[in-house]
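Structure first, then comments.
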Amino acid sequence: MILSKKLKVVNIGLELFKNEIDMQGIPCVQVNWKPSPVSKEAIRALNKLEKYKKHIDMANMEVIKRINTSQPSLIGMKKAIEAIPNMHSKMILHSGPKIEYDKMAEPMKGAILGAIILENLASNFEDANKIILNNDIEFVPCNEMGAVGPMAGIISPSMPVHIIKNETFGNYAYSNVNEGLGKVLRFGANGEDVIKKLRWICDTFLKIMSKAIEKAKSIDLKNLISQSIQMGDECHNRNKAASALFFKEIVPHIFEVSDYFDKKDILDTIRFIEKNEHYFLNLSMASAKSCLDSAKNINNSTVVLCMARNGVDFGIRLSSNSNKWFVAPANDVNGLLFSGYSKEDCCKDLGDSSITETYGIGGFAMASSPAIVKFVGGTVEDSKRYTSLMKQITVSEHTMLTIPNLDFTGSPMGIDIRKVIDTAILPIINTGIAHKKAGIGQVGAGLVNPPMAVFETAIIDMVKNMT
Amino acid sequence: MKKVLIKNNYYKDSITLMAVTNSIKSLDNVKNVSVSMATEMNKDILKNIGFSGIEIDNASETDMIIAVETDGNINDIVELVEKELNKKNVKNTNGGIYENTAAAINDDEDINLAIISIPGNFAYREVKRCLDKGINVMLFSDNVPIEEEKSLKEYAVSKDLLMMGPDCGTSIINDTGICFANKIKTGNIGIIGASGTGLQEVSVLINNLGYGISNAIGVGGRDLSEDIGGIMTLKSIDFLENDKKSDMIIVISKPPSNKIAKKIIERMTKIKKKKLICFINGNKELLDGADIPFEITLEDTAYKAVNIIDNNFNKSVLDDSVFIENISKNIIENIENGKKKGKYLRALYCGGTLASETDMLIRRDFNVFSNVTKNKDFLLKEPFSSKENTIIDLGDDYFTRGKAHPMIDPTIRNSRIIEEAKDKEVALLLLDFELGYGSNDNPAGIAIESINIAKKIAEQDGRRLVVIGYILGTEYDKQDKNNQEKMLKDNGVFLANSNAQASRIAKNILKYLWSER
């Protein structure tokens with residue numbers, strides 16, 4: 001009974017009251033309360049799910065088990081049309097949820113035009129546009145094909161993709177090759193230089209890498225992610241360590257197959273990987289995808305298996321009923337901009353790279369990568385706080401991906417939409433910011449949340465499907 | 001004007017540089033600024049925004065370029081940039097601050113009390129969350145739907161927890177003052193109060209007589225309504241019965257309906273410890289013959305409590321007839337110094353229950369308008385302007401919409417003080433000054449200037465405006481009661497020792513003013 005116990009207080013609201021408690025030497029923490037931005041309807045849906053708690057928790061446990069025990073490995077590199085099931089020669093994949101061409105963001109359109117030229121379906125942009133107008137191209141979200149691509153995320157038939165196999169469950173995931181920084185296709189650049197580099201990737205790079213990876217047989221990507229997180233990476237915006245570790249893995253194999261190729265081509269391939277400190281991003285994304293996809297279609301689960309943006313909309317998919325998208329307008333990214341750019345220049349949240357946060361790395365592992373939080377004027381304490389905050393909305397933690405700054409506790413994993421609705425805490429995503437016009441490139445980086453609406457519609461839908 | 005400054009062999013990472021650039025860019029007279037390392041790419045960017053020259057060309061990749069364009073003093077801006085670059089991050093953002101309740105209460109299983117002061121329509125979820133976790137709740141918020149109050153209180157009772165509120169401003173638990181409370185001697189008198197300042201006044205008066213409080217539990221203004229049925233009051237009685245520190249249980253409230261009064265009295269009859277009921281401005285008939293000590297003013301409640309708890313208490317201490325006679329004499333002398341006399345009292349209160357007590361006492365002998373009376377004929381619908389004798393509770397919703405409560409910010413009373421003085425028929429002002437936790441740091445000091453202006457206004461008209469004051473506080477309160485008293489006395493305010501006494505003094509003066517007519 002409290003009348004005889006030492007008081008330990010939480011003050012929710014006016015700070016004045018906390019100050020007075022502090023003055024009396026009684027321990028007191030402060031909650032800077034804000035009204036819940038969650039709709040009443042969603043909260044009602046949450047309350048309705050209470051009676052299914054046992055079923056949902058059990059289903060979620062199964063999802064967590066699968067994600068935790070998944071073993072993603074790089075086992076090959078092939079052209080998209082050869083590697084990705086159901087891909088055809090007139091299909092172009094894009095990031096985020098489904099979207100009509102004319103509604104797409106400029107960087108995505110620019111990248112698509114470039115891809116059409118790359119595929120030799122047209123020799124100039126005017127003709128490329130005609131092809132699109134004729135509905136000759138089928139646009140499909142990468143995520144619906146087992147693939148992921150950062151920023152515009154454009155994957156066309158001739159582009160090589162990394163083939164990642166989930167050794168535990170046998171499913172595959174795919175991602176394109178990261179072109180590097182500056183004016184590149186994923187930011188919508190489609191000039192001669194860009195196409196030239198892409199042709200080289202589609203040809204020389206692919207030939208050498210596919211042979212080198214064959215030699216390697218299989219590269220354990222989970223191991224690399226685990227190590228790099230302990231070296232200051234979070235594998236979304238910070239991939240330096242992972243890219244260096246990957247370089248260490250692949251280069252001896254490239255050397256092993258060098259007899260078949262020109263010395264210049266070998267050197268170009270090695271330099272291409274070496275120069276790009278974000279090379280590993282696409283591997284990190286595909287690894288995450290392969291782990292998450294192994295947990296598809298588990299009835300009654302409220303865990304999120306996919307978060308993706310196309311520069312206009314933000315979409316999520318759950319484990320239960322896993323082909324259904326829940327979509328709402330994407331947010332602006334809140335961060336720092338390079339010299340000469342302002343808020344008006346920015347494209348909205350873009351790319352499939354939020355699959356990393358869905359998996360429990362990226363922004364969720366921010367405690368491992370304090371440098372990232374400087375993008376919003378934060379401190380090392382903030383970076384830890386973000387990871388701790390994410391524990392409020394996840395089911396569990398990674399057993400294999402542990403964070404030194406948090407005493408080696410695992411990175412939070414398994415976003416539960418019930419917890420998002422209940423706490424109104426949104427997943428935190430670290431991301432780059434693209435210029436809203438095609439072809440200019442990255443203009444900054446920062447933090448962003450999904451729109452609350454996607455979780456609201458998801459939870460309302462969940463109630464309808466409960467058996 | 002443009003300026004470029006090269007810092008040789010001076011490195012900062014790109015994120016820090018971006019942060020510095022962005023923060024300087026936001027200054028008013030800065031047209032353009034760039035702080036970057038002298039790489040080829042950055043030199044190109046600088047050229048694009050209009051900065052070029054041999055300095056930039058010659059800078060090497062390990063040098064830093066600071067480029068500024070401004071209408072203001074260029075050197076000042078450059079200095080600011082340097083300051084930003086050298087700034088160390090001392091911000092400690094964690095350390096006990098949370099975004100939401102769940103995070104806070106999940107982080108520490110030992111938390112046993114939540115103080116909640118968020119808008120009432122959102123309060124339910126936060127209270128429920130805390131009660132779920134076994135945390136007692138002090139709910140300061142008002143405008144909570146009554147069905148929610150009922151549901152939460154029933155839930156709290158089922159879990160043996162306190163749900164103090166809604167609209168609960170005062171509690172003292174284990175010697176800790178919560179929200180608006182005074183620092184009171186520790187003792188063996190337990191209080192359960194459905195009113196904030198009521199609880200404060202009784203506890204303060206008990207303290208000033210040399211006795212102390214074990215625990216004071218606020219239950220919120222509606223607990224004894226028919227809808228709620230006294231749930232928390234009854235539970236609190238259970239708690240105080242089991243509380244080793246409490247030898248006495250007092251229940252304070254405005255008078256409930258007969259049905260609820262019966263419930264409370266039935267329960268109190270069973271109490272073996274010493275007990276006392278105060279129904280403010282109530283009627284002894286509510287007791288329906290039960291043998292329980294009963295009072296209807298806060299002052300009498302405190303004095304009776306002390307009488308009960310200490311058989312040897314010297315009652316003569318309570319006799320203030322000499323004090324009142326003397327102070328009245330001084331006040332009358334003051335009034336007679338004027339050429340004219342007013343005839344009305346204007347009592348301007350920060351503490352609502354004190355206003356009610358004064359209303360009750362003055363109404364016994366005089367007509368008085370107020371925004372606290374139940375008497376429809378004298379209820380002021382427009383409390384912004386006074387009429388004849390008037391008592392105003394400035395903490396009423398009318399006044400506090402979008403503004404701070406007068407106990408937090410008493411300045412809102414100041415303009416009203418001056419307004420009243422302009423009314424040529426006003427002779428007396430009565431002002432309360434609450435001390436203690438939550439209250440303003442200097443309630444007396446804040447009012448002094450207005451009091452003096454008011455007096456001058458009256459003087460110009462030939463009146464001597466008299467101000468009677470009451471400081472609700474103890475010698476332990478942080479505002480330094482002695483100093484507050486001195487400030488008011490030095491400015492001619494006549495101080496009473498309890499709110500009821502202030503009313504009695506005011507009544508004496510009104511009698512004098514009206515007897516001459």
Side-chain angles (χ1 to χ4, degrees), chain A residues 1-21 23-36 43 181-182 335-340 342 371-382 384-385 388-389 391-392 419 422-425 444-445, chain B residues 13 15-16 18-19 21-22 34 36 42 45-46 48-49 89 91-94 96-108 110-119 122 125-126 130 135-136 140-141 160-162 173-174 176-179 215 239-240 242-245 408 437-438 478:
Chain A
M1 190 189 59
I2 195 178
L3 295 186
S4 49
K5 289 214 179 82
K6 276 187 106 101
L7 291 187
K8 234 179 168 204
V9 182
V10 56
N11 182 54
I12 304 163
L14 301 175
E15 261 193 78
L16 145 77
F17 295 137
K18 169 169 157 57
N19 293 338
E20 305 296 73
I21 300 289
M23 206 186 287
Q24 298 175 72
I26 301 290
C28 178
V29 293
Q30 170 71 15
V31 173
N32 289 330
W33 179 89
K34 291 184 281 282
S36 175
I43 294 179
L181 292 174
L336 290 180
L337 300 177
F338 301 147
S339 269
S342 68
I372 290 301
V373 81
K374 285 176 113 170
F375 280 120
V376 279
T379 63
V380 174
E381 279 309 304
D382 286 332
K384 290 188 202 171
R385 195 168 55 86
S388 300
L389 204 59
K391 295 200 176 186
Q392 306 275 332
K419 293 190 178 189
D422 185 37
T423 62
I425 295 172
Chain B
D13 67 270
I15 300 167
T16 304
M18 267 204 280
T21 303
N22 277 16
S34 166
S36 56
N42 287 336
I45 292 175
L46 282 168
N48 285 336
I49 59 174
N89 260 318
K91 195 164 67 161
N92 179 13
T93 51
N94 203 359
I97 299 179
Y98 296 88
E99 315 280 306
N100 64 62
T101 306
I105 63 183
N106 286 332
D107 218 20
D108 187 350
D110 294 332
I111 292 177
N112 50 22
L113 176 66
I115 303 173
I116 301 180
S117 58
I118 62 181
F122 293 102
R125 287 184 72 201
E126 303 311 312
C130 292
I135 298 173
N136 298 270
F140 182 81
S141 313
D160 261 347
L161 297 169
L162 285 174
I173 307 285
N174 286 344
T176 308
I178 303 170
C179 297
N215 284 291
F239 275 129
L240 287 178
N242 288 321
D243 176 30
K244 291 198 179 78
K245 291 184 293 189
I408 299 173
Y437 299 114
K478 62 176 182 172

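Ranked by heavy-atom pairs under 4.5 Å with chain A, the list Ile105(B), Thr176(B), Asn48(B), Ile173(B) is led by Thr176(B). Ranked by heavy-atom pairs under 4.5 Å with chain A, the first of Asp108(B), Thr21(B), Asn242(B) is Asp108(B). Contact count versus chain A (heavy atoms, under 4.5 Å) is highest, among Leu240(B), Ile49(B), Ile178(B), Asp243(B), for Asp243(B). When the candidates Cys179(B), Ala102(B), Ser34(B), Pro119(B) are compared by the number of heavy-atom contacts under 4.5 Å with chain A, Cys179(B) comes out ahead. Per-residue heavy-atom pair counts under 4.5 Å with chain B were compared for Val9(A), Val380(A), Leu389(A), and the maximum is reached by Val9(A).
For Leu46(B), no part sits under 4.5 Å from any heavy atom of chain A, backbone or side chain. Both the backbone and the side chain of Ile2(A) come within less than 4.5 Å of a heavy atom in chain B. Neither the backbone nor the side chain of Lys244(B) comes within contact range of chain A; no heavy atoms are under 4.5 Å apart. With a 4.5 angstrom heavy-atom cutoff, Ile118(B) touches chain A via backbone and side-chain atoms both. Within the 4.5 angstrom heavy-atom criterion, atoms from both the backbone and the side chain of Asn112(B) approach chain A. Contact annotation for Asp160(B): neither backbone nor side-chain heavy atoms come within less than 4.5 Å of a heavy atom of chain A. Both the backbone and the side chain of Leu3(A) come within less than 4.5 Å of a heavy atom in chain B. Looking at Glu99(B), both its backbone and its side chain come within 4.5 Å of chain A, counting heavy atoms on both sides. For a residue to count as touching a neighbouring chain, one of its non-hydrogen atoms must lie under 4.5 Å from one of that chain's; by this rule Asn106(B) touches chain A with the side chain only. Contact annotation for Lys6(A): only backbone heavy atoms (N, CA, C, O) come within less than 4.5 Å of a heavy atom of chain B. Proximity to chain B (any heavy atom under 4.5 Å) is restricted, for Leu16(A), to the side chain, taken from C-beta onward.
No hydrogens or angles considered: nothing links the side chains of Thr423(A) and Gln392(A) as a donor-acceptor pair under 3.5 Å.
The closest side-chain heavy-atom distance from Asn19(A) to Gln30(A) is not below 4.5 Å. Residues Val10(A) and Val31(A) have side chains in contact (heavy-atom distance under 4.5 Å, counting atoms from C-beta outward). With contacts defined as side-chain heavy-atom distances shorter than 4.5 Å, the pair Ile135(B)/Leu161(B) does not qualify. Within the 4.5 Å cutoff, no side-chain heavy atoms of Ser36(B) are placed close to those of Ile45(B). For the pair Ile12(A) and Cys130(B), the minimum side-chain heavy-atom distance is below 4.5 Å.
The two residues Ala104(B) and Val29(A) have their closest heavy-atom pair at CB-CG2, 4.4 Å.
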Could you walk me through whether Glu15(A) and Lys18(A) pass the salt bridge (Lys or Arg N to Asp or Glu O under 4.0 Å) check? CA-CA 5 Å; Glu15(A) 261 193 78; Lys18(A) 169 169 157 57; over 6 Å; no
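Using a 4.0 Å cut-off between charged side-chain N and carboxylate O, Lys419(A) and Asp422(A) make no salt bridge.
Once rounded to the nearest 0.5 Å, the distance linking OG of Ser117(B) with CG of Leu14(A) reads 3.5 Å.
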